[in-house]
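No experiment lies behind these values; they were computed from the predicted model shown.
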Amino acid sequence: MTSVFRPVGEGGDWTRNGIFEKFHESDLGIAVGFADAARELVRHWLAGHPNDGHLLPIIWLYRHALELALKENIRDAAACLTGLGADDKELQEGVLDEWLRRDARHKLATLAMRLDELLTRLELENLPTETHDVLHELHTLDPAGDTFRYAKVWSPAHKRVVAAPRPETEHVDVGQMSAQFEEAFMVLAGGVATLLDNYREYLGEMRAESETEADWWT
């Protein structure tokens, strides 16, 4: 059987090849890809090609991008606290990954709350109210990450499969909706991620300076 995942054949158009970033992948990088894909669908829609069949994929792509960005922010914030000397077991990489996998899972509200807790410990600003509002509205409709992927989902309350929840309104302004998703995503993937990256870089510089001073005195 010929593999689905194979490069363009000899003499073909090499620009058709996609490259797996095996050595540089991160949840944030993948999140950016999901957001880009959603953005392209929205751009196509607003260019005069509306397609109701694209509405749920657009929402899910943005939702997953937000989830991945939150998880990456949480890992980075935990690493910053560890770099400052915090020795909480819950900040350890393996323990944190297990919490993300088993407890937080796809719960946007839980992830946002955990991120705020870590940012507070770092004495950094919490997520803006507008970002929380977007995450909360998505979480309320889709606490398990399956609402926008399926027509029917399991309901713990009813203990059976039910129609997947949808917003109360039947009509949605796709342009306005995507703008709010974009703003929330940029806060996480741009603002918070950059802030934490700079924080970790600063800690690294302070550590190197401290080690240099220690070497000087020995």
**Q** What are the two closest non-hydrogen atoms of A31 and A69, and how far apart are they?
**A**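 That would be CB-N, 4.0 Å.
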**Q** Would you compute the distance between atom CD of E93 and atom OG1 of T82 and round it to the nearest 0.5 angstrom?
**A** 9.5 Å
**Q** Please indicate whether R105 has more than 12 foreign heavy atoms, meaning atoms of other residues, nucleotides or ligands, lying under 6.0 Å from its CZ.
**A** no
**Q** Nearest 0.5 Å, what's the CZ-CG distance between R114 and N73?
**A**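 Result: 13.0 Å between the selected atoms.
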**Q** With a 4.5 Å heavy-atom cut-off, do D197 and D76 have their side chains touching?
**A** no
**Q** Should L119 and F185 be regarded as members of a common hydrophobic cluster, given that ILVMFWY residues are connected when their side-chain heavy atoms come within less than 4.5 Å of each other, either directly or indirectly?
**A**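 Per the 4.5 Å side-chain linkage, L119 and F185 are co-clustered.
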**Q** If you look at every heavy atom in L118 and A77, which pair is closest and at what distance?
**A**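 In terms of heavy atoms, the two residues are closest at CB-CB, 3.7 Å.
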**Q** Closest heavy-atom contact between D103 and K107?
**A** O-NZ, 3.2 Å
**Q** Taking side chain as C-beta onward, heavy atoms only, is L108 less than 4.5 Å from E67?
**A**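 Yes, close enough: below the 4.5 Å cut-off.
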**Q** So N51 and L41, side-chain contact (heavy atoms from CB on, under 4.5 Å) or not? Walk me through it.
**A** CA-CA 9 Å; N51 185 336; L41 285 174; over 6 Å; no
**Q** According to a hydrophobic-cluster definition based on side-chain heavy atoms being under 4.5 Å apart (Ile, Leu, Val, Met, Phe, Trp, Tyr only), do V153 and L141 belong together?
**A**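 They do not share one cluster, since no chain of ILVMFWY contacts under 4.5 Å joins V153 to L141.
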**Q** Just wondering, do L138 and Y62 contact through their side chains at under 4.5 Å, heavy atoms?
**A**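 Y62 does not reach L138 side chain to side chain.
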**Q** Please check: side-chain N/O of T147 versus main-chain N/O of P165, any donor-acceptor pairing under 3.5 Å?
**A** no
**Q** Give, for atom CG of L135 and atom CG of L188, the distance between the pair rounded to the nearest 0.5 Å.
**A**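 One finds 6.0 Å between CG of L135 and CG of L188.
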**Q** Do D173 and Q180 touch side chain to side chain, with heavy atoms closer than 4.5 Å?
**A**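 Side-chain contact under 4.5 Å: no.
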**Q** Other residues, nucleotides and ligands only: do more than 12 of their heavy atoms fall within 6.0 Å of CD on E98?
**A**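 Yes, CD of E98 has more than 12 neighbouring heavy atoms, counting only those of other groups under 6.0 Å.
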**Q** Minimum heavy-atom separation for L28 to E72, with atom names?
**A**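 Heavy atoms only, the tightest pair is CB-CG, 3.7 Å.
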**Q** Counting heavy atoms not belonging to H49, are there more than 12 under 6.0 Å from its NE2?
**A**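 Above 12, so yes.
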**Q** Within the side chain of R63, is there an N or O that forms a donor-acceptor pair under 3.5 Å with the backbone of D142?
**A**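 Answer holds: yes.
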**Q** Go through it in stages, so that I can follow the logic: the residues are L96 and L91, the test is side-chain contact (heavy atoms from CB on, under 4.5 Å), and I'd like the CA-CA distance, side-chain angles, deciding distance and then a yes or no.
**A** CA-CA 6 Å; L96 182 58; L91 298 177; over 6 Å; no
**Q** Does E182 reach the side chain of R39, with side-chain heavy atoms less than 4.5 Å apart?
**A** yes
**Q** Distance check, rounded to the nearest 0.5 Å: L111 atom CG versus L100 atom CG?
**A** 6.5 Å
**Q** In Å and rounded to the nearest 0.5 Å, what is the CE to CG distance from M177 to L55?
**A** 5.5 Å
**Q** Hey, are the side chains of R75 and D27 touching, using non-hydrogen atoms and a 4.5 Å cut-off?
**A**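 Yes. Closest side-chain heavy atoms under 4.5 Å.
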**Q** Relative to each other, are the rings of H64 and W60 parallel, tilted or perpendicular (30° and 60° limits)?
**A** parallel
**Q** Could you check whether any side-chain heavy atom of L61 comes within less than 4.5 Å of a side-chain heavy atom of F181, counting everything from C-beta outward?
**A** no
**Q** Any side-chain to backbone donor/acceptor pair from R6 onto S3? Under 3.5 Å, distance only.
**A**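 Judged by distance alone, yes, a pair lies under 3.5 Å.
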**Q** Is M113 reachable from V95 through a run of hydrophobic residues whose side-chain heavy atoms are each under 4.5 Å from the next?
**A** no
**Q** Does the S178 side chain pair with the main chain of G175, one donor and one acceptor, at a distance under 3.5 Å?
**A** yes
**Q** More than 12 heavy atoms of other residues, nucleotides or ligands under 6.0 Å from CD of E183: yes or no?
**A**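 At most 12 heavy atoms, drawn from other residues, nucleotides or ligands, come within 6.0 Å of this atom.
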**Q** Tell me whether D116 contacts the main-chain N or O of L127 through its side chain, where contact means a donor paired with an acceptor under 3.5 Å.
**A**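 Answer holds: yes.
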**Q** Can you name the nearest heavy-atom pair linking L196 to C80, along with the distance?
**A** O-SG, 3.7 Å
**Q** Under a 4.5 Å side-chain heavy-atom rule over Ile, Leu, Val, Met, Phe, Trp and Tyr, are Y150 and F34 clustered together?
**A**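 Different hydrophobic clusters.
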**Q** So does N17 have more than 12 non-hydrogen atoms from other groups sitting under 6.0 Å from CG?
**A** yes
**Q** When hydrophobic residues are tied together by side-chain contacts of less than 4.5 Å, even through go-betweens, does F20 share a cluster with V4?
**A**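 Same cluster.
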**Q** I'd like to check T140 versus H136 (side-chain heavy atoms, cut-off strictly below 4.5 Å). Are they in contact?
**A** yes
**Q** How long is the straight-line distance from NE2 of H106 back to CG of L70, given to the nearest 0.5 Å?
**A** 13.5 Å
**Q** Donor-acceptor pair, distance only, cut-off 3.5 Å: does the side chain of D88 make one with the backbone of E90?
**A** no
